[in-house]
Amino acid sequence: MSSIATATVEAPPNLDPSGKPQINPQHDHFFWSYTEEPHRTRRQAIIAAHPSVTKLCGPEPLTKYCVLGVVTLQLACALLLRATPVLSLRYILTAYIIGATANQNLFLAIHEISHNLAFRAPLANRFLAVFANLPIGIPYSAAFRQQPYHLTHHKSLGVDGVDTDLPTALEAIFLDSVLGKAFFCTFQILFYALRPMMIYKLPLTRIHFFNIVAQITFDSILIHYAGPKALAYLILSSFLAGSLHPCAGHFIAEHYVFDPQTRFAKDPTNFVPIPETYSYYGPLNIFTYNVGLHNEHHDFPAVPWTRLPVLHEIAKDFYADLPCHSSWSWVIWQFIWDHKVGLWCRVKRKDGGRKVGVWNEVELGSNEEKRTPDVM
């Protein structure tokens, strides 16, 4: 495997008189890092070693057809269940097996589209994301991309107070038990929906209002012609998609530290990098736009889902030895029951990221504007 040096961030930590970073006792339970996130460094190294990977960037035409197919499937299921009792086995199993898998697929279609990887025109991607949002039942797509919480997650991976994917200390304290972690896994879709708004807020835009109006209109039409049980099926599917469902394991698998670490790992004075992104190469990637190839995605967000396996093969010398998961279901099980794994198991850093800024296409996403105004 190619060796990659980890670059230090521009803003160093506070130093004590001996020149070592000062440790804040409140930070001891997280893995605090004073090095730069690893993906930018690895991306540069991969491009230097394999220049052809940049040709993989760009939209994937297949995405829009997949979205159309899954939206149609969910609408058909909602119509077929319109007279079925909500608490019946048929209703619940359909929502869990088909609905949750389909809506998780739509969550990740919106994730893919947020990088402008369905169309070349950014506006067309916004409209497709709103369309993909319809079976989710609640307006979501504009907040995910346009806020821009997800793109900030890429630019500022692990930066405390900026990356909204990070659990807060309050969450980690109150959910630091088997029951607490089980609660988190059951309702994690709500944590991911509400946490960003608690950390920082950004103004609503026209695409937000369009997303809200389109969703309310769709839901109203569905209730009028098919009844409330049809809409309840879609919303239940969305909840189960982010709950105790195999595909929901990716939320935890992507950035929580699972590999056993030495007792010195949480000491920031040693500057030893901790693995903070994990890939998964199993069969559930078929339903989830290859989001399991998460190191590859963070290294090259402008490479669409269909080409991430190609990227992995080209740069296998960089990825072969990185830690990865073999089962998302096992990830959920281990997260709940293993006392060594929990919400504290995330790498955090104080500096080195931005909410939005100037990134190029290879770093951020296909057809992004060359400069985006800062939002602080």
Side-chain angles (χ1 to χ4, degrees), residues 66-68 70-79 81-82 86 91-92 94-114 125-151 153 164-165 183-245 247-248 250-251 287-289 291:
C66 292
V67 169
L68 177 61
V70 176
V71 168
T72 302
L73 171 66
Q74 278 295 77
L75 185 56
C77 288
L79 293 174
L81 293 173
R82 65 187 181 276
V86 173
Y91 193 100
I92 294 172
T94 304
Y96 186 83
I97 297 172
I98 298 177
T101 305
N103 276 13
Q104 183 66 250
N105 177 276
L106 292 173
F107 288 152
L108 293 168
I110 292 169
H111 165 261
E112 187 78 5
I113 296 163
S114 75
N125 285 285
R126 307 295 180 268
F127 287 141
L128 181 62
V130 171
F131 177 72
N133 193 153
L134 297 179
I136 292 172
I138 298 170
Y140 150 83
S141 64
F144 182 80
R145 193 272 174 215
Q146 199 71 13
Q147 273 299 78
Y149 292 127
H150 179 67
L151 300 187
H153 166 64
T164 59
D165 188 67
F183 179 86
F184 175 79
C185 289
T186 302
F187 298 97
Q188 61 181 313
I189 192 68
L190 301 181
F191 284 90
Y192 281 99
L194 298 176
R195 185 193 299 138
M197 295 183 287
M198 304 298 178
I199 295 178
Y200 63 86
K201 297 179 181 179
L202 293 171
L204 294 175
T205 65
R206 284 178 293 180
I207 194 66
H208 288 94
F209 288 112
F210 176 70
N211 186 194
I212 293 168
V213 170
Q215 192 65 53
I216 291 175
T217 302
F218 173 83
D219 292 350
S220 301
I221 293 173
L222 185 63
I223 291 173
H224 179 76
Y225 288 102
K229 292 178 184 177
L231 179 60
Y233 163 77
L234 297 179
I235 294 176
L236 178 60
S237 296
S238 295
F239 171 76
L240 294 174
S243 186
L244 298 174
H245 189 278
C247 289
H250 82 87
F251 289 120
F287 304 106
T288 56
Y289 286 90
V291 75

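Values below: all heavy atoms of this structure, side chains included; hydrogens, waters and symmetry mates excluded.
At a cut-off of 3.5 Å, with distance as the only test, no side-chain donor of Ser114 or His111 sits close to an acceptor on the other residue. For the residue pair Gln215 / Asn211, no side-chain donor-acceptor distance below 3.5 Å is found, with atom types taken as modelled.
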For residues 220-236, run the donor-acceptor check on the side chains, cut-off 3.5 Å, and write out each pair with its distance to 0.1 Å, sequence neighbours left out.
unit_1, atom_1, unit_2, atom_2, d
Ser220, OG, Ile216, O, 2.7
Tyr233, OH, Gln74, OE1, 2.7

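With sequence neighbours left out, the side-chain contact (heavy atoms from CB on, under 4.5 Å) criterion links Thr164 to Tyr149, Pro196, Ile199, Tyr200. Every salt bridge (Lys or Arg N to Asp or Glu O under 4.0 Å) that Asp165 has, sequence neighbours left out, goes to Arg346.
A side-chain contact (heavy atoms from CB on, under 4.5 Å) with Ser141 holds for exactly one of Leu128, Asn133, Ile207; it is Asn133.
The CD1 atom of Ile189 lies 10.0 Å from the CG atom of Leu194; values are rounded to the nearest 0.5 Å. To the nearest 0.5 Å, the span separating CG on Leu75 from CZ on Phe218 amounts to 5.5 Å. Here the straight-line distance linking atom OG1 of Thr217 with atom CG of Leu134 works out to 9.5 Å at 0.5 Å rounding. For the atom pair CZ of Phe187 and CG of Leu244, the computed distance is 9.0 Å after rounding to the nearest 0.5 Å. Considering CZ of Phe251 and CZ of Phe107, their distance stands at 6.5 Å, rounded to 0.5 Å.
Considering every non-hydrogen atom in both Asn103 and Pro135, the closest pair reads ND2-O, 3.2 Å. What you find for Ala132 and Ile110 is that their closest heavy atoms are CB-CG1, 4.0 Å. Leu73 approaches Ala102 most closely through the heavy-atom pair CD2-CB, 4.5 Å. Residues Gln188 and Gly242 share a closest heavy-atom pair of CG-O, 2.8 Å. Nearest heavy atoms, Ala109 versus Val67: CB-CG2, 3.8 Å. Heavy-atom minimum distance, Ser243 versus Ala248: O-CB, 3.2 Å.
Under the 30°/60° scheme for interplanar angles, the aromatic rings of Phe191 and Phe183 are found to stand perpendicular.
For CZ of Phe287, the number of neighbouring non-hydrogen atoms (other residues, nucleotides, ligands) closer than 6.0 Å is 12 at most.
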